[in-house]
There are 2 protein chains.
Amino acid sequence: MIIFLLYKIIYNAITTYITNRFDTKNNLLSLFRKHCVLKKKTVTIDDIARYLNIATSTVSRALSDHHSISDQTKKLIKDTAKKLNYRPNSLAANFRKGKTKTIGLVVPRINRNFFSNVIHGVEYVANQFEYSLIICQSNETYKSELEAIETLMNNRVAGILISISRETRKPGHIKSVIEKGIPLVQFDRVFEEIKSNKVLNDNLNGAYSAVKGLIDQGYRRIVHFAGPYYINIYQDRYEGYKKALLDSGLTPDEKLVFENILTREEGYEKTMEIFGKANRPDAVFAASDFSALGAMIALKDMNIKIPGEVGVVGYANEPFTDYISPGLTSVDQHSVEMGQTAARLLFEEILNEDENYVPKTLTLKPDLVIRDSSSGG
Amino acid sequence: MIIFLLYKIIYNAITTYITNRFDTKNNLLSLFRKHCVLKKKTVTIDDIARYLNIATSTVSRALSDHHSISDQTKKLIKDTAKKLNYRPNSLAANFRKGKTKTIGLVVPRINRNFFSNVIHGVEYVANQFEYSLIICQSNETYKSELEAIETLMNNRVAGILISISRETRKPGHIKSVIEKGIPLVQFDRVFEEIKSNKVLNDNLNGAYSAVKGLIDQGYRRIVHFAGPYYINIYQDRYEGYKKALLDSGLTPDEKLVFENILTREEGYEKTMEIFGKANRPDAVFAASDFSALGAMIALKDMNIKIPGEVGVVGYANEPFTDYISPGLTSVDQHSVEMGQTAARLLFEEILNEDENYVPKTLTLKPDLVIRDSSSGG
DNA sequence: CTGAAAGCGCTAACAA
DNA sequence: TTGTTAGCGCTTTCAG
């Protein structure tokens, strides 16, 4: 402590001394630099002010382009800042202002095509607003999701974008974000009952058009590989499946619907089981491209022709759907656009001045991308 | 200002008053809560201290489990914190300490299988150390890379992991990070000449084993689709290609090597051009799975049999290599492990106490994953 | 084991 | 247009 005070006093004395004593800027600069290096001190706004013998506030204002500072002074200050290799301390600024120019994004997984595209979209918009992005993975667990929210809130992010993990059943953490007044957008996998901004895919209609497509091509007994129903998107896809059947005068058969078939392995196993028997169905509509892929591989292994004998349609339009043969018909969710939309909505709330902001729900229309795997039975 | 001071005075008076006056905790609590809600004030350490009539420092210490606080006091303080719904302000703590528990990651693209796996690996390790992760995309541009570095430095991240963008040619920004004493690890795409931690793939040996594999299967005139040579990884893959040929007694033919063929489209076009003529080569070694895919599609379109007439090998072991048929032989770079290794190395430097830390270079061995596309001509 | 108090670097209200 | 000054919430040194 004593040493520190002593240092401070000497420091001030020296800087004042050299400021007054030496006329040549170069000399002053070199002394200043030596001083900084010696003390491993980072250059602050105060240093610039002392160096130019002006007020700290003037420097602060100049650096943030405040209108009330003359262009001349601004230039001088900015040049000096550069000369002294000044780096703003965002930590201090954020702390002082009680907020950051950072938004948080919580996704189940980053290495999933859908989410990495969403992130791409979010980043694009965040960049435009000059905000940075901190990304958290929940890894589909409730625990990590809680921790992520906790961290983001503690770090006073300006807003949060979230897609709920598969494991999460309680919306308490989402509620607490909203109660704290932190802008929030739920996207894709959401708690419907929570009053917040939401960006959704129209999963019902996406599934509807997928199944309708199969029916139009002559397929009749269509299997559905569903996800867990407690997640809204899978529930909706299931509804769309049923609706398409009913609208075409077909009766949905519960025995053709299988919950929790989402991975390649699950799709493979289940297909082997169902299509290995007599009186087999003639099509598969999978809620995931991966289980659709598993189905295709199983069908190939059983020497069943796609699309001749069995049609297959997936969901999400993963890149590989276009690479395999036959190409897998799938539903494109416009994932990049979804990220952008969610981010724009978030900024709408962040930048909103009005006290009573009313949250919105936006729904994006998915598109059926028709490839060979469903082209007629 | 005056109003604020007045508020402060009244605030203190009231809290002191209620602290002294009321005995029943419940009553006190409800008053406190009402007060906080009314003022939209977030609960601070000081509030807890005032509430319990103890020192701020004690509260601070208790909450961070300082050893010199009795278990009894700790429990009391923690319970109270919970009761008052206290949220730590990381902004203030970080600012005070002059550092954060955050590491920065700069990658060219997030929606590339390799990088999303690296991120996964980094996140895993960061989690273990209880650090959070801020991810920046350079989108393969120099400008974004600079901005990312700038932001990360201003936010006083504890360390930076970076893989250089395709556009970046000058290492000035990397140097400045190191000069500032911020721990840094370059991975995959690096500036060799910069003295820093590095994690590399042994691209030379990866390419070597890929080409050796083709030769062993009887292929002789092997085309190489290369990336830009100024990027170290593509240079190394090219070297590996040549070395494998030479070691097998074959003479590398410059006319079979094509720079900057990395995408599916480029691979398709170039393959059409080369293999459409008489006296065509009999294999392709692509520095990217995507150009290898393009080659496969082109060969199919020309009715050239894979692997019967032409063998194809890619690089990176993208997931789709396993889904297409024939499966594409490729080189696996252990991307998740790379992320973990890079992150561990970073933490080694971050947590290092020793003044003169000597940076390390680690090299990971890639593995050839043999599939049908190269199984014999 | 606990308390008192300084101060991190910056912003913004108020004064000039 | 510029200067003065208080204080954001926390940690930490020093003193008991």
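Sequence lines set the chain letters: A, B, ... in the order given, protein chains first and strands last, and positions in each chain run from 1.
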- Task: Look at A/Tyr86 and C/dG9 and indicate whether a side-chain polar atom (N or O) is within less than 4.0 Å of OP1 or OP2.
- Result: no
| Phosphate OP1/OP2 of D/dT5 contacted by A/Thr56 side-chain N/O (<4.0 Å) | no
Between atom [atom1] in [X] and atom [atom2] in [N], what is the gap in whole Å?
{"X": "B/Leu91", "N": "D/dG9", "atom1": "CG", "atom2": "P", "value": "11 Å"}
{"X": "B/Lys75", "N": "C/dC1", "atom1": "NZ", "atom2": "P", "value": "18 Å"}
{"X": "B/Ile48", "N": "C/dT2", "atom1": "CD1", "atom2": "C1'", "value": "16 Å"}
{"X": "A/Ile77", "N": "D/dT1", "atom1": "CD1", "atom2": "P", "value": "13 Å"}
{"X": "A/Ile45", "N": "D/dT2", "atom1": "CD1", "atom2": "C1'", "value": "15 Å"}
{"X": "B/Met153", "N": "C/dG9", "atom1": "CE", "atom2": "C1'", "value": "17 Å"}
{"X": "B/Lys101", "N": "D/dC10", "atom1": "NZ", "atom2": "P", "value": "17 Å"}
{"X": "B/Asn94", "N": "D/dT12", "atom1": "CG", "atom2": "C1'", "value": "16 Å"}

Of the candidates C/dC10, D/dT12, C/dA4, the side chain of B/Lys97 sits closest to D/dT12
Margin query: Counting the atoms with a prime plus P, OP1 and OP2 as sugar-phosphate, which does A/Ile54 contact under 4.0 Å by heavy atoms, base, sugar-phosphate, or nothing?
Written below: sugar-phosphate
Under the side chain to side chain contact (heavy atoms under 4.5 Å, CB included) test, which residues partner [X], sequence neighbours left out?
{"X": "A/Thr73", "value": "A/Thr58, A/Ile69, A/Ser70, A/Ile77"}
{"X": "B/Leu76", "value": "B/Leu52, B/Thr80"}
{"X": "A/Lys75", "value": "A/Asp79"}

Q) Are the ring of A/Phe95 and the base ring of D/dC8 both nearer than 5.5 Å at their centres and tilted by less than 30°? A) yes
Assign each of B/Ser57 and A/Ala93 the nucleotide of DNA chain C bearing its closest heavy atom; nearer the 5' end lies the nucleotide of B/Ser57
Sequence neighbours excluded, the answer for salt bridge (charged side-chain N to carboxylate O under 4.0 Å, His left out) partners of B/Glu349 is none
Numerically ordered, the residues 58-71 of chain B set in heavy-atom contact under 4.0 Å with DNA chain D is B/Ser60, B/Arg61
Run the side-chain donor-acceptor check on residues 128-139 of chain A: report pairs under 3.5 Å with partners two or more places apart or on a different chain.
| from | atom 1 | to | atom 2 | distance (Å) |
| --- | --- | --- | --- | --- |
| A/Gln137 | OE1 | A/Ile110 | N | 3.1 |
| A/Gln137 | NE2 | B/Glu123 | OE1 | 3.3 |
| A/Ser138 | OG | A/Glu140 | N | 3.3 |

Do NZ/NE/NH1/NH2 and the carboxylate oxygens of A/Lys78 and A/Asp71 come within less than 4.0 Å? no
### Message
Can a side-chain donor-acceptor contact be found between A/Asp46 and A/Thr56 if the only test is distance below 3.5 angstrom?
### Response
yes
